[in-house]
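Notes to accompany the following structure.
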Amino acid sequence: MTAQTPGDRTDDVAGDRPGDEAARVVGVGPWPGGPDAWPRLPSGEPDPRYDPELLAGGDARNVVDAYRYLTVEAIVADLDRERAEHPTTQLHVAVENWAHDLNIGSVVRTANAFNAASVRIVGRRRWNRRGAMVTDRYLHVEHHPDAEALAAWAATAGPPDDAGAPTRLPVVGVDNVPGSVPLEGLALPASCVLLLGQESAGLSASAQAVCDVVVHVTQHGSTRSLNAGAAAAIAMWAWAVQHL
């Protein structure tokens, strides 16, 4: 899907003297030409994919240029369409109920960046959405009460086999626990669930029990562990390098 976005002013900065307060203008202004120039269908009717309020007032959302002025529903539909073109390559991201809720928001934002098929919140349903920067609107976010419920969902959530029957999604844990293997060099499944634990405690014992494998990011400094949101981003990037 390509959307024309005339007049893009992403990251313009006002003020040209040292010490001036820089006023960043992010996004695009109103669609040039006014309502008569707004996108239309071949029939002449307004294109329903576009949000009239954004066309009239501008679009400063945190979206790539191709999605400027589009409704949330149109963006979600296009992301779904892109994944549907590759049915055997599906990334799902699951996070246990973390003590530091802001990390969940960070993981959701990163999952959107890699167009994950879903984010699964395991444990407590409520989480702080501030770190997601509203990207959860463009994702399928689901809830499971515990790791066993996640595993039950994954048992039939994989791509259909040659006979059309659903397959199982492997569950790949991400944590530096005893027995974990290095993420680098490991062939990750094309369709899988990356399961991440709490910032302080890591993956719970019940979460580790449902994993096919647990991986860790090899570190070379003095700290014992990475920030959970950072580890999640590295794991998603590693999957994307192999499969996207």
Side-chain angles (χ1 to χ4, degrees), residues 90-158 167-184 186 188-219 223-240 242-243:
Q90 300 287 318
L91 175 66
H92 300 263
V93 180
V95 289
E96 282 197 288
N97 182 24
W98 286 351
H100 301 291
D101 283 345
L102 188 60
N103 280 304
I104 296 182
S106 175
V107 171
V108 169
R109 184 177 180 180
T110 305
N112 171 263
F114 290 107
N115 197 13
S118 72
V119 172
R120 332 294 298 192
I121 306 298
V122 180
R124 189 176 58 178
R125 184 184 296 271
R126 293 176 61 87
W127 57 281
N128 189 331
R129 285 167 168 76
R130 184 163 60 90
M133 298 290 290
V134 306
T135 54
D136 55 302
R137 298 180 184 177
Y138 309 103
L139 283 165
H140 301 287
V141 181
E142 307 292 343
H143 173 255
H144 301 282
D146 50 38
E148 291 77 13
L150 174 73
W153 165 80
T156 58
T167 60
R168 178 179 172 275
L169 277 176
V171 179
V172 178
V174 181
D175 199 357
N176 59 349
V177 296
S180 61
V181 299
L183 172 64
E184 56 274 21
L186 180 70
L188 294 169
S191 288
C192 66
V193 186
L194 294 179
L195 175 57
L196 300 123
Q198 298 184 74
E199 171 69 25
S200 56
L203 287 172
S204 66
S206 59
Q208 293 181 47
V210 305
C211 293
D212 294 81
V213 63
V214 178
V215 302
H216 66 259
V217 178
T218 299
Q219 299 170 212
T223 185
R224 186 190 67 81
S225 63
L226 286 168
N227 168 270
I234 292 170
M236 284 184 251
W237 179 86
W239 177 89
Q242 295 183 27
H243 299 296

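When all heavy atoms of Ala111 and Val93 are compared, the closest pair comes out as CB-CG2, 4.2 Å. Between Phe114 and Ala233, the shortest heavy-atom contact is CE1-O, 4.4 Å. Nearest heavy atoms, Ala235 versus Leu183: CA-CD2, 3.8 Å. When all heavy atoms are compared, the tightest approach of Ser118 to His92 is OG-ND1, 2.6 Å. Residues Leu186 and Gln242 come closest through the heavy atom pair O-NE2, 2.8 Å. Between Leu150 and Ala94, the shortest heavy-atom contact is CD2-CB, 3.9 Å.
The CD atom of Gln198 lies 9.0 Å from the CD1 atom of Ile104; values are rounded to the nearest 0.5 Å. Separating the CG atom in Asn112 from the CE atom in Met236 is a distance of 10.0 Å, to the nearest 0.5 Å. Of the inter-residue distances, the one linking Ile234 atom CD1 with Glu184 atom CD reads 9.5 Å to the nearest 0.5 angstrom. The distance from atom CH2 of Trp239 to atom CD of Gln90, rounded to the nearest 0.5 Å, is 7.5 Å. Rounded to the nearest 0.5 Å, atoms CZ (Arg130) and CZ (Arg109) are 12.0 Å apart. Residue His143 holds its NE2 atom at 10.0 Å from CZ of Arg124, rounded to the nearest 0.5 Å.
Partners of Thr223 by side chain to side chain donor-acceptor pair (under 3.5 Å), not counting sequence neighbours: none found. For Thr167, the side chain to side chain contact (heavy atoms under 4.5 Å, CB included) test picks out Pro159, Asp161, with sequence neighbours left out. Residues that satisfy the side chain to side chain donor-acceptor pair (under 3.5 Å) test with Thr135, not counting sequence neighbours, are absent from this structure. Applying the side chain to side chain donor-acceptor pair (under 3.5 Å) criterion to Ser225, with sequence neighbours excluded, gives no partner residue. With sequence neighbours excluded, no residue forms a side chain to side chain contact (heavy atoms under 4.5 Å, CB included) with Ala152. Under the rule for a side chain to side chain contact (heavy atoms under 4.5 Å, CB included), the partners of Asn115 that lie at least two apart in sequence or sit in another chain are Leu79, Glu82, Arg83. Remark: Ala190 pairs with Thr89, His243 by the side chain to side chain contact (heavy atoms under 4.5 Å, CB included) rule, at least two apart or across chains. For Thr110, there are no side chain to side chain donor-acceptor pair (under 3.5 Å) partners at least two apart in sequence or on another chain.
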Please table the atom pairs, donor to acceptor, closer than 3.5 Å between any side-chain atom in residues 169-177 and protein atoms at least two apart or in another chain.
from   : atom 1 : to     : atom 2 : distance (Å)
Asp175 : OD2    : Leu203 : N      : 2.8
Asn176 : ND2    : Arg224 : O      : 2.9

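At a threshold of 4.5 Å between non-hydrogen side-chain atoms, the residues Asn103 and Leu196 do not count as touching. The side-chain heavy atoms of Val95 and Trp127, taken from C-beta on, include no pair separated by under 4.5 Å. Side-chain contact check for Leu91 versus Cys192: some heavy-atom pair is nearer than 4.5 Å. Between Val141 and Ile121, the closest side-chain pair of non-hydrogen atoms falls below 4.5 Å. Side-chain contact between Ser206 and Asp146: absent, with no pair of heavy atoms (C-beta onward) separated by less than 4.5 Å.
Not a single donor-acceptor pair under 3.5 Å links the side chain of Glu96 to the backbone N or O of Ala207.
For the salt bridge (Lys or Arg N to Asp or Glu O under 4.0 Å) condition, the pairs that include at least one residue of residues 204-219, sequence neighbours left out, are Arg168-Asp212.
In Trp153, the CH2 atom is crowded: over 12 heavy atoms of neighbouring residues, nucleotides or ligands sit closer than 6.0 Å.
Only one option out of Val193, Val122, Leu195 pairs with Val210 in a side chain to side chain contact (heavy atoms under 4.5 Å, CB included); it is Leu195.
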